[in-house]
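Data block below; observations after.
Below, chains carry the letters A, B, ... as their sequence lines are ordered, and counting in each starts from 1. These numbers come from the heavy atoms of this one structure, side chains and all, not from hydrogens, waters or symmetry mates. Everything quoted here is computed from the prediction, not taken from an experiment.
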Amino acid sequence: MSDDSKPENRYDFRAIETKWRQRWVETDLFRVDDTGDKPKYYALDMFPYPSGAGISVGHCRNYVPLDVACRLKVMQGFNVLHPMGWDAFGQPAENEAIKRGRNPKEMVPEYAANYKRQLELVGISYDWSREVNSSLPDYYKWTQWLFLLLYKRGLAYRGSAAVNWDPVDKTVLSNEEVVGGRGWRSGALVEKRFIPQWFFKITDYADRLLAGLDTVQWGEGIKQQQREWIGRSEGADVEFEIIGGGTNGSANAPELMESIHVFTTRPDTLWGATFMVLAPEHPLVEQITTPEQRAEVAEYKDKTQRATEIERQSTERVKTGVFTGAYADNPVTGEPIPIWIADYVLMGYGTGAIMAVPAHDQRDFEFAKKYGIPIVLVYKTSEDQTADSVTEALPTGGVMASFQPSAGAKAGSDFPFAGLPNNKETVGKVIAWLEGLGQEDGNKVGKGVVNYRLRDWLVSRQRYWGAPIPIIHCENCGVVPVPEDQLPVLLPDVAQYAPTGTGESPLAGIPEWVNVACPTCGGAGRRETDTMGGTVCSSWYYLRFTDPHNADAPFSEAAAKYWAPVDLYAGGAEHAVSHLLYSRFFTKVLHDAGIVDFEEPFQRLRNQGMLLAYTPGREIKPTDGTVLDGDEEETDEPLDNWKVLKPEEKLTIPESQWVWRWVKMSKSKGNVITPDEMAEKYGADSLRLFGLFVAPFEETVQWSDKGIESAFKFMSRVWRIWTELRPHYAPNWRETLPAALPELSDTERGLRRKLHQTIRKVGGDIEDFRFNTAVAALMELTNELSAYRNALGGNTPTPAQVSLLSESLETLPLLMSPITPHLSDEWWELLGKPGSTFKQPWPQFDPEAAAEDAITIVVQVNGKMRDRLEVPVGTSQEEIERLALACEKVVADLAGGRQVRKVISVPGRLVNIVVS
RNA sequence: GCCCGGGUGGUGGAAUGGUAUACACGAAGGUCUUAAAAACCUUUGCCGCAAGGAUUGCGGGUUCGAAUCCCGCCCCGGGCACCA
């Protein structure tokens, strides 16, 4: 049937794709403007860090599907913003530059150019005139401007925060560079050091960040992760006075006495609080520890600080702690209760101190049992239940016991809670009661508060490759923001990019950059030498794309108003909390500053699945060091007892000993397949089609060469079929088709029906991100066209058949255009049409043509399929039921006196006969 | 332990209350060819010669009808983890 000897019958994807790639660039096809009467649509990929390795076919799993969605939107008449840029600041680029001994300012643009080349290679429709690079001054000027905006709004502040200090390399490490408590290069145990650093006050927005989640179309899983990260919990802040303890060697001990605030979600169990626990790092520990306990406390503190990481990973956590010698006053019972320190209380959550209620909290229970601390039941499940009889904490159930306040108690003498159930309502009543106590001296015992797990956002990095923080420290004026007209604070060149041995950024080593006059008083000032972490740059980039070359503002309000917010955002689920939360925070700040008119940056979010490659590795023993060798591109934990083979190991270890596993495709694992080699071998269109067809967008995919071969096979096949039918194309088919319709055979009407059903399905599936079924629909249509071509044989088609074929020949390139744009444009040209399918309207779906003229009705007996009926559309329900009951198989089932009890009809689908 | 996904033929997957296995891979047979490849055609989830039967991780439930909804359990992947 086919004849590949004719050159035009061969699918010469190299010639086709090279030609159209060039032509799209020459005609500036993907350029968009902020004007016109079309509705806008903003679709965005998470912008990548351009690594030296270039993109892998894994990246195509992200960029190609969004490109398909964009191309469809353009054809549907939207003005589509589809930009791309580079998340160029940050550690990966810095580490790469250090490793290669290169200047990141030169290296990053080279890598970016390579990325751009590869993205053009696979035919992504980016408007490159809007390319941004977060490491260029024209971009980071505005990152700095936004820092100052937050500073002015009281949302940027300097606080003390711990960094990971590598005592051997004498550098600050990021969390990613700490593996198993050790520095990734030196292998030395990492220490905590506290230094002043800059924070953004994201916690002020905790409730709004929570509420906003209900207004966006994101996956429930991602929303849930953000909710948990924010970690809102309602409870009470309760104050405990310290009534004895260490004098700290000072004579005026009473003045040192303070109170301890705790956060508790269970203030209703206050009567059962028989001790308190402070985190070992709690600042009050020094003050309250008695001289006798000092040595023991110091030892415990030291032990927790050094051994935390190791112990956490080793044994099951046994509760340990040390008594400080101090006591606090339980405000409702008046009893003195001992104050302990223990590492199960975390400094970073709540107030770093808890009231411990062993009767109703399992951790407190274990601790009390171990150290012989009394247990008092607040809730009892039976009248005569005693603390000695319980073997574990009772967090739920029971009713409240009766408590008589002792003489020393602050609380009022009445106790209105006896008999109340253990539930949220009771907690509320107790909080209200606590708030009413001690109001005379203005000192409430407790008050209802909301606590969040969310911490303020640490933006300082003691690193070179980032946007300098636009702050000057003046001896006289303190912290002074750099005036806006002096922005950007340019990142200077340095001799050495690696972190310094002092823990400061390399910028601190350039006196001529650091020393400046104070903008306020003119006195001696020092520039802030910390830079901003990469997540700051990426928290607003989506807005820069709306107006990427604006020299007077981060973006014009008009451009942002026209384009933003982003209608469709696509990227990896690994950003579920960090980037996606920070961008939302920035957007709310900009909203409050009156700069943007919306509060949520990303209306619809889709997360693509990972791409796995079958990768050789070797078994490792648990003792076989897990210290990484530093050239890891990503920092995935090594899989339990297995490690990827290094290139040299592939030579030394015989293949029979290789252990294969599916792991994420990445440069560090040596399993990357690049789009370059695939495009060379099969073409970009085949690569696009394969990535879409192989699995649903969100699903993890196992890469196989077989898969792309099958995509290529389809491309060759559809090319051949279309090419063989093309001689029958008549451009005037729209005029001739109406008259031709009555002449068509059933088969031919069936082909036309399939065509219009496919128009409907492909459009709908792409909008729903169901690319795999859209491709399947195109394959089905191709199969029908193929069958029709075979049926036609060498016969000359009638004029009616020409009209029919012409409609298909012209529609197919348009239907395939979003998915295989190069092929589609080549076909378009072969039909004698100018321009690109990209600028053509999406085909109109004709409901009449798509309608079936016969339907299959399934006949069931008691829900079991018995027969099928082919009936013409429009057959009455009564007629269908009569036919169903007359079916041979139904009649057989009804034999033996079984009675028809009910007949259920679903129009157009089935008849279910319920028999006794 | 908690949270979020998921479990359907030999394989990737389709079907989200109404014909389970679309589409594709793989496999088998055929046509063409000196031959091979490619292409094209046919068959192909399981048991059974067949009629027919069982079947969507396991067990129960709701329903005329469940892969789909509900309850309990098992397994796999991902995330968080002493959160007071």
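Under 4.0 angstrom from either OP1 or OP2 of C25(B) there lies at least one side-chain N or O belonging to Lys713(A). Close to C40(B), at under 4.0 Å from its OP1 or OP2, lies a side-chain N or O of Arg717(A). Of the side-chain N and O atoms in Arg789(A), none sit less than 4.0 angstrom from OP1 or OP2 of A39(B). Using a 4.0 Å cut-off, no side-chain N or O of Asn790(A) falls inside it from OP1 or OP2 of C40(B). Checking the phosphate oxygens (OP1, OP2) of U19(B), no side-chain nitrogen or oxygen of Arg866(A) falls inside 4.0 Å.
Backbone-only engagement by Arg909(A) is indicated by non-hydrogen atom pairs under 4.0 Å involving sugar-phosphate atoms exclusively. Contact annotation for Val914(A): backbone-only contact, meaning every heavy-atom pair under 4.0 Å involves sugar-phosphate atoms and none involves a base. At a threshold of 4.0 angstrom between heavy atoms, the contacts of Val906(A) include nucleobase atoms, whether or not backbone atoms are also involved. Note on Gln860(A): a base of the nucleic acid sits closer than 4.0 angstrom, heavy atoms only. Using a 4.0 Å heavy-atom criterion, one finds that Val262(A) contacts no nucleic acid atom at all. Within 4.0 Å of Asn772(A), counting heavy atoms only, lie sugar-phosphate atoms of the nucleic acid but no base atom. Within 4.0 Å of Asn912(A), counting heavy atoms only, lies at least one base atom of the nucleic acid. Residue-level contact check: Asn783(A) touches the backbone only, with heavy atoms under 4.0 Å from sugar-phosphate atoms and none from bases. No engagement by Arg455(A) is indicated, since no non-hydrogen atom pair under 4.0 Å with the nucleic acid exists. Nucleic acid contact for Phe714(A): none, since no nucleic acid atom lies under 4.0 Å from a heavy atom of the residue.
For Phe13(A) and Trp719(A), the distance between ring centers is not under 6.0 angstrom.
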side-chain hydrogen bond (donor to acceptor under 3.5 Å, both in side chains) between Thr396(A) and Asn422(A), worked out: CA-CA 6 Å; Thr396(A) 56; Asn422(A) 185 349; 5.7 Å; no
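Between the OH atom of Tyr344(A) and the C1' atom of C82(B) there is a distance of 9 Å, rounded to whole Å.
In this structure, of C64(B), G5(B), A84(B), it is G5(B) that holds the atom nearest to the side chain of Glu220(A).
Across the interface with RNA chain B, nearest-nucleotide mapping of Glu228(A) and Gly348(A) shows Glu228(A) to be the residue nearer the 5′ end. Comparing Trp229(A) and Val701(A) by the nucleotide of RNA chain B that holds the closest heavy atom to each, the one mapping nearer the 5' end is Val701(A).
Shown here for Pro280(A) and Val285(A), the closest heavy-atom pair between the two residues is O-CG2, 4.0 Å. Listed here is the closest heavy atom pair of His261(A) and Asp237(A): ND1-OD1, 2.7 Å. Closest non-hydrogen pair, Leu209(A) versus Leu581(A), comes out as CD2-O, 4.2 Å.
Base pairing of G65(B): no nucleotide in any strand meets the Watson-Crick or G-U wobble criterion (both distances under 3.5 Å).
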